[in-house]
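Each remark here refers to the structure printed beneath this line.
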Amino acid sequence: FIKVAVDEGLSPAFVAWSRVVLAAAVLLVLARRAGSLGTLRGKGRWLAAYAFLEITIPFPLIAAGEQHVDSSVAAIVIASVPLLVAVLALRFDRAERATGSRLVGLLIGFTGVVVLVGIDVAGRGDELLGAAFILIASLGYAAGPMVLRRHLSEHDQRAVMGVSLAIAAVFLTPITAVGLPSETPSSDAVLSILVLGLLCTAAAFVVFGRLIGEIGPGRALVITYVNPVVALALGMAVLGERPGAGAIAGLLLILAGSWLSTDGRLPPGLHALVSRARRSRRRSPAPSDSRVSLGSPPSPDPCPAGSS
C-alpha cells in the first residue's frame with residue numbers, strides 16, 4: 001500500500017503523516033472512552049522517544065525507499081528487524097542478547113542482507129539509496145520496541161499508541177508541509193492511506209504493543225517472517241514485480257536467520273494452528289484395518305516394543 005501511494009504521486013512525508021494522523025485520531029478516541037489517557041502522566045519523554053524511533057524515522061524513510069526499490073525488496077530488508085534487535089541487545093538489553101543458535105541466526109541473516117544488496121541492487125545508485133533508507137528505518141523498528149517494553153508495556157496500548165502517533169504527527173508536520181499534494185489524490189492513493197492508517201497502523205500497533213509486553217521485542221518481531229512472503233506475493237500479483245535471484249536468496253537467508261535468532265519460534269498465529277493440529281491428531285482414534293478378519297492373526301508390528 002505504501003508503494004501504491006507513492007507511485008500515485010504522494011510524497012513519502014505526506015503518506016507517513018496521513019496514516020499517522022488517521023490512526024492517532026481513532027486510537028485517542030478509543031483511549032478516551034476507556035479512560036486510560038490519564039495513566040500516561042509522567043511518561044512524556046518515553047512516549048516521545050518511542051514515537052521518534054518507531055514512527056517518525058521509519059514511516060517516511062520506508063515510503064522514500066519504496067520510490068527506488070520494489071515493495072518486495074523493501075519487505076525483505078525489513079525482515080532483518082529481529083536481527084537488529086539482537087545486535088542492539090548486545091548493548092541495551094541482556095534478556096534479548098544473542099548466544100548459541102541465536103548468534104548463528106544473526107550471522108546467517110546478515111549474510112542474507114549482503115546477498116540481497118550485493119546481487120539485486122549492487123551498482124544501481126538509486127536502489128542502493130532506497131535500500132539504505134529502509135535499513136535505517138528497520139533500525140528504528142528494532143529500537144522502538146525496547147523502549148516500549150521497558151517503560152510503556154504496562155499501560156493500555158490504545159492510549160500508548162494513540163499518544164505516540166499524535167506526537168509523531170507533530171514531528172512529521174514540518175517536513176510534510178513542504179510536500180503537500182499539488183492535486184487531489186487518486187482513489188487508489190486514498191484507499192491505500194485508509195488501509196495504512198486503520199489496519200497497518202492503528203490496529204497493528206495495538207496488537208503488536210500487547211505482544212511486546214508479553215513476550216519481548218525480539219520474539220514479538222518474529223511476525224516479520226510473514227511480511228516479506230506476503231509482500232513478495234502481492235508485488236508479483238498486483239504490481240507486476242519480478243524479484244531477482246538475489247532477492248529470493250536473501251529472503252531465504254534472512255528468514256532462516258530471523259527464525260534462529262528468535263530461538264526457532266514460529267509466528268504466534270502459525271504456532272497456534274500447528275499446536276491445534278497436533279492436539280486434534282492425538283485425540284483422533286487410530287484407524288482400524290478392515291482387511292483383517294476376525295479369524296485371521298494380526299499382522300506383525302513393524303516397530304515392536306523395545307526396538308527403539
Side-chain angles (χ1 to χ4, degrees), residues 1-32 50-75 77-78 81 130 133-134 136-138 140-141 144 157-209 223-224 226-228 230-241:
F1 295 104
I2 295 173
K3 183 71 171 175
V4 171
V6 295
D7 283 352
E8 288 292 322
L10 298 182
S11 70
F14 183 78
V15 172
W17 182 85
S18 299
R19 65 183 289 196
V20 164
V21 168
L22 180 59
V26 171
L27 292 180
L28 286 174
V29 169
L30 294 176
R32 184 177 181 182
Y50 179 74
F52 184 73
L53 293 169
E54 185 75 12
I55 305 164
T56 309
I57 291 177
F59 280 20
L61 282 180
I62 290 172
E66 291 201 26
Q67 290 181 315
H68 305 288
V69 299
D70 290 343
S71 61
S72 54
V73 172
V77 175
I78 293 172
V81 170
F133 282 162
I134 295 167
I136 295 171
S138 299
Y141 276 158
Q157 291 304 301
R158 292 170 295 182
V160 170
M161 297 304 173
V163 173
S164 297
L165 287 162
I167 294 171
V170 174
F171 287 159
L172 290 168
T173 297
I175 62 172
T176 305
V178 299
L180 294 175
S182 57
E183 56 187 27
T184 304
S186 67
S187 58
D188 286 345
V190 172
L191 179 60
S192 295
I193 294 296
L194 289 174
V195 173
L196 286 168
L198 297 177
L199 296 180
C200 302
T201 306
F205 266 46
V206 171
V207 173
F208 191 52
I223 201 166
T224 55
V226 179
N227 293 350
V230 173
L232 199 65
L234 289 178
M236 295 173 66
V238 178
L239 302 177
E241 297 174 352

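Contact record, Glu8 with Ser186: OE1-OG, 2.8 Å, taken as the closest heavy-atom pair. In plain terms, the two heavy atoms of Gly162 and Ala24 that are nearest each other are O-CB, 3.9 Å. Between Val4 and Ser192 the shortest heavy-atom distance is CG1-OG, 3.3 Å. Listed here is the closest heavy atom pair of Leu10 and Ala189: CD1-CB, 3.8 Å. Between Ile193 and Leu22, the shortest heavy-atom contact is O-CD2, 4.0 Å. Nearest heavy-atom pair, Val163 versus Leu28, reported as atom, atom and distance to 0.1 Å: N-CD2, 3.8 Å.
Within the model, atoms CZ of Phe133 and OG of Ser138 stand 13.5 Å from one another, a figure rounded to the nearest 0.5 Å. Atoms OG and CG, on Ser187 and Leu194 in that order, are 11.0 Å from each other to the nearest 0.5 Å. Distance CG/Leu180 to OG/Ser11: 7.5 Å, rounded to 0.5 Å. Here the CG atom belonging to Leu27 is positioned 9.0 Å from the CE atom belonging to Met161, to the nearest 0.5 angstrom. With rounding to the nearest 0.5 angstrom, the CG atom of Leu172 is 12.0 Å from the CZ atom of Phe14.
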**Request:** Could you please spell out the steps behind the side-chain contact (heavy atoms from CB on, under 4.5 Å) verdict for Val160 and Gln157?
**Result:** CA-CA 5 Å; Val160 170; Gln157 291 304 301; 4.1 Å; yes
**Asked** Could you walk me through whether Tyr141 and Ile62 pass the side-chain contact (heavy atoms from CB on, under 4.5 Å) check?
**Response** CA-CA 11 Å; Tyr141 276 158; Ile62 290 172; 3.5 Å; yes
**Asked** Please walk me through it: do Arg19 and Ile2 pass side-chain contact (heavy atoms from CB on, under 4.5 Å)?
**Response** CA-CA 10 Å; Arg19 65 183 289 196; Ile2 295 173; 3.8 Å; yes
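Contact check for Tyr50 versus Ile167: no side-chain heavy atoms found under the 4.5 Å cut-off. Between Leu61 and Ile134 the shortest side-chain heavy-atom distance does not fall below 4.5 Å.
Formation of a donor-acceptor pair under 3.5 Å by the Glu66 side chain with backbone atoms of Lys3 is found in this model. Ser164 places no side-chain N or O within donor-acceptor distance of the main-chain N or O of Ala51, the cut-off being under 3.5 Å. Side-chain atoms of Thr201 never come within 3.5 Å of backbone atoms of Ala23 as a donor-acceptor pair (strictly under, hydrogens ignored).
Within a 6.0 Å sphere centred on CZ of Phe205, other residues, nucleotides and ligands contribute more than 12 heavy atoms.
For residues 166-175, every residue pair satisfying the side-chain hydrogen bond (donor to acceptor under 3.5 Å, both in side chains) rule, not counting sequence neighbours, is listed here: Trp17-Thr173.
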